[in-house]
There are 2 protein chains.
Amino acid sequence: MTTHDNDAFKPIATVDLAIFSLAPAGLSVLLVRRTSVPFAGDWALPGGWIHIDEDADLEAAARRVLKEKTGVETPYLEQLQTTGSRDRDPRGWSISIVYIALLSADDVAERQDALAEEAEWRPIEGEGVGLSLAFDHASLLKEALGRIRSKVEYSSLPGHLLPVRFTLSELQSVYESLLGRKLDKSAFRKRMAEADFLEPVEGEMRRASNRPAQVFRLKDTRSLVLFDRRI
Amino acid sequence: MTTHDNDAFKPIATVDLAIFSLAPAGLSVLLVRRTSVPFAGDWALPGGWIHIDEDADLEAAARRVLKEKTGVETPYLEQLQTTGSRDRDPRGWSISIVYIALLSADDVAERQDALAEEAEWRPIEGEGVGLSLAFDHASLLKEALGRIRSKVEYSSLPGHLLPVRFTLSELQSVYESLLGRKLDKSAFRKRMAEADFLEPVEGEMRRASNRPAQVFRLKDTRSLVLFDRRI
DNA sequence: TAACTTAGTGACAAATGTCAACTAACTTAG
DNA sequence: CTAAGTTAGTTGACATTTGTCACTAAGTTA
């Protein structure tokens, strides 16, 4: 077995992020324009080489990239998958560890200015963004969308795209837009009650020109899984 | 951005496998004894450095390791997760891409001899093997068990642990042993029918000293997901 | 041929999803 | 001050799905 020392480490692994939000109009992903070869000028998922000197672990590396591109420090973050092959980068073997990040509407609104120069939100259309992306990023994005859409079915994941405080109707709308179909109000309410994702915020009601609605927040920062006896 | 060339590549990423089977007695995982530092003499998940000269991609690397240790070429293989940090290996930053492999009872029986010298099946007890493992492998194994147990609920995964041809009752037993609880025969049958995982093998029946049972095989080599309208 | 064992079915109860109507609590127009 | 409009939240009836459990079927063995 080969030994290795950190100093001589040649970068080969990147952390890449599929960062989603509901801004500006519906589900969008953050893309950056590449400035150097290969794929100079193309859009890509934000990412960067792992810094073995500053990143304690992979998640820290992902957080660092996220902070650099968006200014957000405490997103919802989840590892998606790792791809590695000799084909994905013309320069040779490389590994990409992909994370999914969800930014709350709050974050997107407040940190508009912190967005990196070359970064831009692109609305999702179908299984991608209708652009060809650098490396294998189009396929990574597709996988990320698949993960998000499938987790909508059984977890509190969509809650992380809303502001910290939201009403049930707002939450239902997010579920509906990610699933692409309408849900029954009363069934949704029952399910959320039993799933135990949500915590009513004491005394707070959202008022408009109609009956005020109870305000909720997520109980946990993780994406809780609706447990279910299947087989 | 740094450029890199393959020749100067210093190994930093390993592919590690949690290989499961039902042999010799219930769910077991294949462990190997380490021969070199660090953790010399300790048990570990089988794995190896990625060979950028022979492995086309990560899955190929996983298959190579699997072949070396067990002789099996076409297992069920699924990527679990990637860990990377400066703490998991005393020599410094390292990345481990973990795959789950399931060996069919056929494979285990036929390839007994192909098992690598230092490899051994260890029965699962609770969340591990009751041994301290090298690196962070105990935690990786725990994650792998979590993934397997949760996929039992909604996929055909357990089918990959049986021989290619099996009866419904045999399959139900595997589900039961992974779930740790008894299932209703009739409900199980209905669920399997609608899930459409299984294909009856024409005309074949398994006979013992009782009514013969229909023989089935999995429709696909992938672990099909029982789709389900949740929310 | 009766007893035994495991495979496979069918009938009913319980839980869940769907739909639509209803009541509640606010704002706004007049 | 009141009626109309809007969205929140509840309720109940009905269809569909799912779980439970006893029953029938098809073989072997004594």
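In what follows, every chain begins at residue 1, and chains take the letters A, B, ... in the order their sequences are listed.
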For a quick test of your reading: what N or O donor-acceptor pairs under 3.5 Å do the side chains of residues 137-145 of chain A make, sequence neighbours left out?
unit_1 : atom_1 : unit_2 : atom_2 : d
A/H137 : ND1    : A/L45  : N      : 3.0

Contact list (N/O, under 3.5 angstrom) for nucleotides 12-14 of chain D vs protein:
none

Problem - Partners meeting salt bridge (Lys or Arg N to Asp or Glu O under 4.0 Å) with B/R147 (sequence neighbours left out) - result: B/E78

Exercise for the section: Would you please name every residue forming a salt bridge (Lys or Arg N to Asp or Glu O under 4.0 Å) with B/E202, sequence neighbours left out? Expected result: none

Handout entry: salt bridge (Lys or Arg N to Asp or Glu O under 4.0 Å) involving A/D196 - partner list, sequence neighbours excluded
Key = A/K219

Listing time: all N or O pairs from protein to nucleotides 23-27 of chain C that are below 3.5 Å?
unit_1 : atom_1 : unit_2 : atom_2 : d
C/dA24 : O4'    : A/R211 : NH1    : 3.4
C/dA24 : N3     : A/R211 : NH1    : 3.2
C/dA25 : N3     : A/R211 : N      : 3.3

Exercise for the section: Tell me, please, which residues at least two apart from A/R111 pass side-chain contact (heavy atoms from CB on, under 4.5 Å). Expected result: A/V72, A/A114

Exercise for the section: Give DNA chain C the dot-bracket treatment, 5' to 3': Watson-Crick (N1-N3 with N6-O4 or O6-N4) or G-U (N1-O2, O6-N3) under 3.5 Å, [ ] crossing, | other strand. Expected result: ||||||||||||||||||||||||||||||

Practice task
Sorted by first residue and then second, give each salt bridge (charged side-chain N to carboxylate O under 4.0 Å, His left out) pair with at least one member in residues 154-173 of chain A; sequence neighbours left out.
Solution key: A/R165-A/E204, A/E170-A/R206

Practice task
With sequence neighbours excluded, tell me which residues meet salt bridge (Lys or Arg N to Asp or Glu O under 4.0 Å) with B/E68.
Solution key: B/R64

Practice task
Identify whether any heavy atom of B/A187 sits under 4.0 Å from a base atom; if not, whether one sits that close to sugar-phosphate; answer base, sugar-phosphate or nothing.
Solution key: base

Handout entry: side-chain contact (heavy atoms from CB on, under 4.5 Å) involving B/E176 - partner list, sequence neighbours excluded
Key = B/Q172, B/K182, B/L183

Problem - Which residues share a side-chain contact (heavy atoms from CB on, under 4.5 Å) with B/A193, sequence neighbours left out - result: none

